[in-house]
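Each remark here refers to the structure printed beneath this line.
Sequential numbering from 1 along the given sequence is applied to the chain's residues. Computed from a prediction, not measured in an experiment: that's the story for all the values here.
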Amino acid sequence: ESSATGSVNGDSSVGGLVGYNFGGRVTNSSATGTINGSGVVGGLVGENHGTVTNSSATGSVTGNQGVGGLVGYNAGGRVTNSSATGSVNGSEDVGGLVGFNANEVTNSSATGTINGSEDVGGLVGQNFGTVTESYATGSVNGTGNDVGGLIGYNVDTVTESYATGSVNGDDRVGGLVGNHTGPVTNSYATGYVNGNQDVGGLVGDNEGTVTDAYWDRNTTGQETSAGSAVGLTTVEMTGLDGISNMDGFVFPDGDGPWHVTDSYPALAWQDTDPFYGVTIESTNTPVTEGETLAVTTTVTNWAGAGTQSITLTDTDFTNVEQDSAAVTLMSGNNTTVQLAWNTAAGDAKNGTVTVASENTIDTASVAIDAQPSSGGSGGSGSHRDPTDSVYSVAEPGDDTECEAVAKRKVVSMLNVGSGDVIPINLSATNDGTGNTTQGVPRNVLADGIDIRFKRGGDYNLVVSARDINVFDRAMD
């Protein structure tokens, strides 16, 4: 738990806090000064054979070979949960975090601008060890070969890592790795890539394996990549679309290493904000104005634990928020939320409603039906009891089987004026009662037909008119 703030100048094994770490532990420590040397130069540690954990360096670092923003040469050591933010300038084996890595780099990051000649990477210049769950965001510039957004020259393992900075080089230039001979899995790159030969969106030159790894064709400016990397669009890689398009990536399912964000996927250790996905599972549509529209929604947290408000808006009606619920979820958990809209007179319409979190939305089509008008033959009518069951009716003239449990049926009309008298033919036949037919040709008010049955049963109801356009459908 130490810190250093002054500038450091030396020849070899030069570090902002420790020049040569032989089996020791550097924990919760930092350095902020400017570091200058020749070979094996690091912002915190020059040469590391021990462990560097929960530590950082922010100063600029300049050297010749084996130059890193945090560690110049990570020999038999481990770098974990650490970061570097300063710019790094060198010739060979130049990296934003580690110049030359021969062991392990885990859960670490670099964000500074990197300039070098060969084996230049946003995180590691040359890698003969493992890089896991780490990232780099700074721009990388190399005048020679083997230049990558994450690693310039990779011989060993890279997994669950990413790079977003721009990459410029000459030969073997890649958004993630410039020259690759080891395995790369579950990783991606998005920064602009520019070079003269063997240039790829993810990998410039490949003699290793590439599995479940992706690059953004839009932002990298590259349509191809060495290896079996998959090129996607920005839309396909961001938000919830990343879940379905980036096979192999494990998003929160209790302890998944990736989190969904409004942008590209983030590593779980770096992201603390929740990301709520919403999916409308069902509604009780249609309802009659004055009744409650119920919306059942599944809410899933694809990122860090937290609380968000889930809202229901009558989008195509008055576009007003009708209900909301505060939902707290741990990472990877989901729950079912019931939202309700208490409709009122005048809400009758077909349209969509929207359920939204702070990150995503989902919509559903619903129908809010008008209260049926009273009607009857000869200008007289009766008021409809809202507790009566009503069943759908097919197009006019079709036979439609309906269960007349409530012993009545209401059929509405359209394209006619209220109070108009419409000539219709009506018959309701129940085969179980001896083909008894109820109803005869008659004139009815355009406000609707109110049909009553003497007994329950299964009826074939036929309603027809000279102008079939006057019929809409049964009102719920």
Aromatic ring pairing His49/Tyr73, orientation class (parallel under 30°, perpendicular over 60°, tilted between): perpendicular

Parallel, tilted or perpendicular, as decided by the 30° and 60° cut-offs, for the rings of Tyr188 and Tyr162: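 Rings of Tyr162 and Tyr188: parallel, as their planes differ by under 30°.
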
Contact check, side chains of [X] and [Y], non-hydrogen atoms, under 4.5 Å:
X	Y	result
Val355	Ile361	no
Asp170	Gln197	no
Trp215	Thr190	no
Leu312	Val353	yes
Ser30	Ser3	yes
Val184	Thr211	no

Ignoring hydrogens and geometry, is there a side-chain-to-backbone donor-acceptor pair from [X] to [Y] under 3.5 Å?
X	Y	value
Ser55	Ser29	yes
Asn350	Ala367	no
Asp347	Ala344	yes
Asn359	Tyr276	yes

Would you name the heavy atoms of [X] and [Y] that are closest together and state the gap between them?
X	Y	result
Ala31	Gly43	CB-O, 3.4 Å
Thr352	Ser365	CG2-OG, 4.0 Å
Arg25	Thr51	CG-OG1, 3.2 Å
Gln308	Ser357	OE1-CB, 3.4 Å
Ala57	Leu44	CB-N, 4.0 Å
Ile280	Asp362	N-OD2, 2.8 Å

Asp156 CG to Ile151 CD1 distance, which is reported to the nearest 0.5 Å: 9.5 Å

Stepwise side-chain contact (heavy atoms from CB on, under 4.5 Å) test for Val94 and Ile114: CA-CA 7 Å; Val94 183; Ile114 314 303; 3.7 Å; yes

Aromatic ring proximity, centroids under 6.0 angstrom, Phe317 and Trp341: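 Between Phe317 and Trp341, which both carry aromatic rings, the centre distance is below 6.0 Å.
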
Phe249 and Trp258 aromatic centres sub-6.0 Å: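 Here the rings of Trp258 and Phe249 have centres that are less than 6.0 Å from each other.
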
Salt bridge (Lys or Arg N to Asp or Glu O under 4.0 Å) between Asp198 and Arg172, intermediate numbers included: CA-CA 5 Å; Asp198 291 334; Arg172 298 190 291 271; 5.3 Å; no

Modelled atom types, side-chain donor and acceptor of Asn127 and Asn101, under 3.5 Å: yes

Pair Glu207-His180, side-chain contact (heavy atoms from CB on, under 4.5 Å): steps then yes or no: CA-CA 6 Å; Glu207 295 182 5; His180 173 59; over 6 Å; no

Derivation and outcome, side-chain hydrogen bond (donor to acceptor under 3.5 Å, both in side chains), residues Thr132 and Thr106: CA-CA 5 Å; Thr132 305; Thr106 306; 4.8 Å; no

For Asn74, the option from Val79, Leu97, Val52, Val124 that meets side-chain contact (heavy atoms from CB on, under 4.5 Å): Val79

Test log, rule side-chain contact (heavy atoms from CB on, under 4.5 Å), inputs Asn64 and Glu92: CA-CA 7 Å; Asn64 183 26; Glu92 298 179 12; over 6 Å; no

Stepwise side-chain contact (heavy atoms from CB on, under 4.5 Å) test for Asp273 and Phe275: CA-CA 7 Å; Asp273 295 327; Phe275 186 102; over 6 Å; no

